[in-house]
Amino acid sequence: MPELPEVETVKETLKQQIVGKTIADVTVIYGKLIKNQDAESFKQALIGNTLRNIGRYGKYLFFHFAGVVLIVHLRMEGKFFLKPFSEPYQKHEHIIFSFTDQSTLRYHDVRKFGTMEIVPEGTEMEVEGIKKLGKEPFGSDFTDSYIYDKIYKSTRPIKSLLLDQEIVAGLGNIYVDEVLFLSGLDPRRPGKDVSRIEAGMIAKNCRKVLEKAINLGGTTIRSYTSSLGVSGRFQNELNVHTRKGLPCLKCGNSIEKTRVGGRGTYYCPSCQK
DNA sequence: AAGGGTGTTGAAAG
DNA sequence: GCTTTCAACACCCT
């Protein structure tokens with residue numbers, strides 16, 4: 001479930017549900033999710049600690065405890081479920097955080113791509129993969145010039161550039177397709193062939209798409225189970241993504257699917273040049 | 001019914 | 001450097 005709007009939704013939901021709870025125990029079933037640390041020291045860093053707050057940057061979640069921060073990336077299919085202690089473990093539940101009030105937070109990840117890492121408080125922005133993240137599309141410094149400077153020399157397709165987290169933090173496959181549709185740009189167009197004006201359209205449409213998606217609780221497609229905070233409604237607003245063969249909502253021509261930078265890509269051949 | 005595709009990203013290869 | 005391909009893993013769809 002993980003692009004910026006979905007991660008934001010998870011963050012907000014979890015904030016309401018578990019901030020203030022104290023960890024009584026941690027059960028690590030699949031330890032490979034944990035980076036730079038063994039399961040035992042991971043547990044010891046958390047047991048007895050109270051969750052103070054939850055933050056987000058790009059697609060990363062930050063669980064703030066006293067002295068340490070737990071950094072989580074959901075990758076392709078990571079989900080959190082809040083369940084009573086008595087509930088038996090289910091398949092694909094890899095790490096269980098038990099709280100002193102008998103509730104448990106369970107990390108569920110069919111493909112096991114997600115990551116968890118504990119770092120000292122205050123060092124979280126220096127962590128590999130985070131320190132190089134680009135700007136999020138909110139805020140006055142996310143401008144046509146910011147985008148243009150990042151792409152104007154590149155031969156890579158504009159879609160790949162916008163998926164690059166070092167350029168825009170938080171966009172993923174769904175929302176990039178939507179941003180390029182609204183901007184009227186062919187996803188295969190090389191970055192060097194995108195004008196400053198068009199870069200401005202991209203900046204504006206990133207904000208538009210992400211804000212709307214956040215307000216609707218994100219997008220839920222191909223979800224096998226309902227997960228905490230992931231009953232999104234933005235799937236009803238998609239213009240191109242998942243709409244192969246359906247009429248373009250702007251011009252009526254058929255939406256096509258192709259492959260750009262190894263990713264499935266939906267676009268309208270007549271609206272996007 | 002085997003093979004390609006999947007909301008991601010880092011490492012390896014060219 | 002910069003760009004492209006592939007691997008990590010399990011499951012769904014053709």
Side-chain angles (χ1 to χ4, degrees), chain A residues 1-11 29-36 56-61 71-80 90-95 107-117 127-134 150-180 187-192 209-210 213-214 216-238 240-245 257-266:
Chain A
M1 5 161 301
E3 295 180 49
L4 190 153
E6 292 75 39
V7 179
E8 175 67 18
T9 303
V10 169
K11 183 200 77 179
I29 297 165
Y30 186 75
K32 281 176 68 178
L33 301 183
I34 302 167
K35 296 170 69 175
N36 302 326
R56 181 194 60 72
Y57 178 21
K59 302 173 190 173
Y60 288 87
L61 286 167
I71 305 172
V72 176
H73 196 299
L74 305 172
R75 293 289 186 98
M76 293 289 271
E77 306 212 20
K79 297 175 174 67
F80 281 109
Q90 288 212 310
K91 197 175 181 181
H92 305 132
E93 287 179 351
H94 304 307
I95 298 190
Y107 180 71
H108 179 288
D109 189 343
V110 171
R111 295 179 71 184
K112 300 177 175 168
F113 284 176
T115 61
M116 295 197 186
E117 178 172 16
V127 167
E128 206 59 37
I130 292 175
K131 66 169 179 259
K132 292 164 75 180
L133 284 178
K150 296 275 190 190
I151 68 175
Y152 81 104
K153 289 180 193 161
S154 179
T155 60
R156 294 163 70 195
I158 184 62
K159 167 153 183 176
S160 301
L161 291 165
L162 296 181
L163 280 176
D164 187 338
Q165 300 299 297
E166 295 180 20
I167 297 178
V168 185
L171 282 185
N173 207 28
I174 296 176
Y175 299 113
V176 166
D177 281 359
E178 296 300 312
V179 167
L180 290 173
R188 294 161 295 202
R189 174 113 66 99
K192 59 200 288 200
V209 168
L210 293 181
I214 288 171
L216 292 176
T219 302
T220 305
I221 55 177
R222 200 177 114 275
S223 76
Y224 315 115
T225 47
S226 69
S227 127
L228 187 63
V230 187
S231 45
R233 300 184 305 283
F234 192 77
Q235 60 273 21
N236 306 315
E237 309 291 322
L238 295 172
V240 286
H241 199 85
T242 71
R243 298 195 69 249
K244 177 184 174 182
K257 183 179 182 187
T258 184
R259 192 153 279 270
V260 179
R263 310 296 303 279
T265 299
Y266 301 83

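Chain identifiers are assigned alphabetically (A, B, ...) following the order of the sequence lines, protein sequences preceding nucleic acid strands; residue numbering begins at 1 within each chain.
- Look at Lys35(A) and you won't find any side-chain N or O under 4.0 angstrom from OP1 or OP2 of dG10(B).
- Summarising the base pairing, dC9(C) is matched to no nucleotide, lacking a Watson-Crick or G-U wobble pair whose two defining distances lie under 3.5 Å.
- Rounded to whole Å, the distance from CZ on Arg188(A) to P on dT4(C) is 14 Å.
- Arg263(A) comes within 4.0 angstrom of a nucleotide base, judged by non-hydrogen atoms across all strands.
- Here Thr219(A) does not reach the OP1 or OP2 of dG7(B): none of its side-chain N or O atoms lies under 4.0 Å away.
- Nearest nucleotide to the side chain of Val110(A), out of dC11(C), dG7(B), dT6(B): dC11(C).
- One P atom belongs to dT14(C), the other to dG7(B), and the distance between them is 16 Å to the nearest Å.
- Checking dC11(C), dC9(C), dG7(B) against the side-chain heavy atoms of Lys91(A) singles out dC11(C) as nearest.
- A distance-only check finds a donor-acceptor pair linking the side chain of Gln165(A) to the backbone of Leu171(A) [under 3.5 Å].
- Distances shorter than 4.0 Å separate none of the side-chain N or O atoms of His73(A) from OP1 or OP2 on dG10(B).
- Taking the P atom of each, dG1(C) and dT9(B) are spaced 23 Å apart, rounded to whole Å.
- Atoms CG (Asp164(A)) and C1' (dT8(B)) sit 12 Å apart, rounded to a whole Å.
- No more than 12 heavy atoms of other residues, nucleotides or ligands shown are found within 6.0 angstrom of NZ on Lys132(A).
- As the counterpart of dG7(B), no nucleotide is assigned, since no Watson-Crick or G-U wobble pattern has both distances under 3.5 Å.
- Contact annotation for Tyr60(A): backbone-only contact, meaning every heavy-atom pair under 4.0 Å involves sugar-phosphate atoms and none involves a base.
- The distance from atom NZ of Lys132(A) to atom C1' of dA11(B) is 12 Å, rounded to the nearest whole Å.
- Residue whose closest nucleotide on DNA chain B sits further toward the 5' end, between Gln165(A) and Arg111(A): Arg111(A).
- Within the 4.0 angstrom heavy-atom criterion, no nucleotide atom of any strand lies near Thr115(A).
- For Lys59(A), a side-chain nitrogen or oxygen approaches OP1 or OP2 of dT9(B) to under 4.0 Å.
- The nearest whole Å value for the distance from the CZ atom in Phe113(A) to the C1' atom in dA11(B) is 14 Å.
- For the pair Asn173(A) and Glu3(A), the tightest heavy-atom approach, listed with the atom from each and the gap, is N-OE2, 3.4 Å.
- Atom CD1 in Ile158(A) sits roughly 12 Å away from atom P in dT3(C) (whole-Å rounding).
- Here the P atom of nucleotide dG7(B) and the OH atom of Tyr175(A) are 12 Å apart, to the nearest Å.
- The two residues Ala169(A) and Gly134(A) come nearest to each other via the heavy atoms CB-O, 3.4 Å.
- Between the P atom of dG10(B) and the CD1 atom of Ile71(A) lies a distance of 12 Å, rounded to the nearest Å.
- Comparing dA10(C), dT4(C), dT6(B) by their closest approach to the side chain of Lys257(A) singles out dT6(B).
- Of all nucleotides listed (dG7(B), dT4(C), dT6(B)), dT4(C) comes nearest to the side chain of Arg156(A).
- Shown are Glu93(A), Met116(A), Lys79(A); of these, the side-chain contact (heavy atoms from CB on, under 4.5 Å) with Tyr107(A) is made only by Met116(A).
- Following rounding to the nearest Å, Leu61(A) (CG) and dT8(B) (P) show an atom-to-atom distance of 14 Å.
- Residue contacts for Gly262(A): at a heavy-atom cut-off of 4.0 Å it reaches no nucleic acid atom on any strand shown.
- Counting any heavy atom pair closer than 4.0 Å across all strands shown, Ser154(A) reaches sugar-phosphate atoms only and no base atom.
- Residues Lys150(A) and Asp164(A) are not paired through a salt bridge, judged by the lack of any N-O separation under 4.0 Å between the basic side chain and the carboxylate.
- With both ends at atom P, the span from dC9(C) to dA1(B) equals 27 Å, rounded to whole Å.
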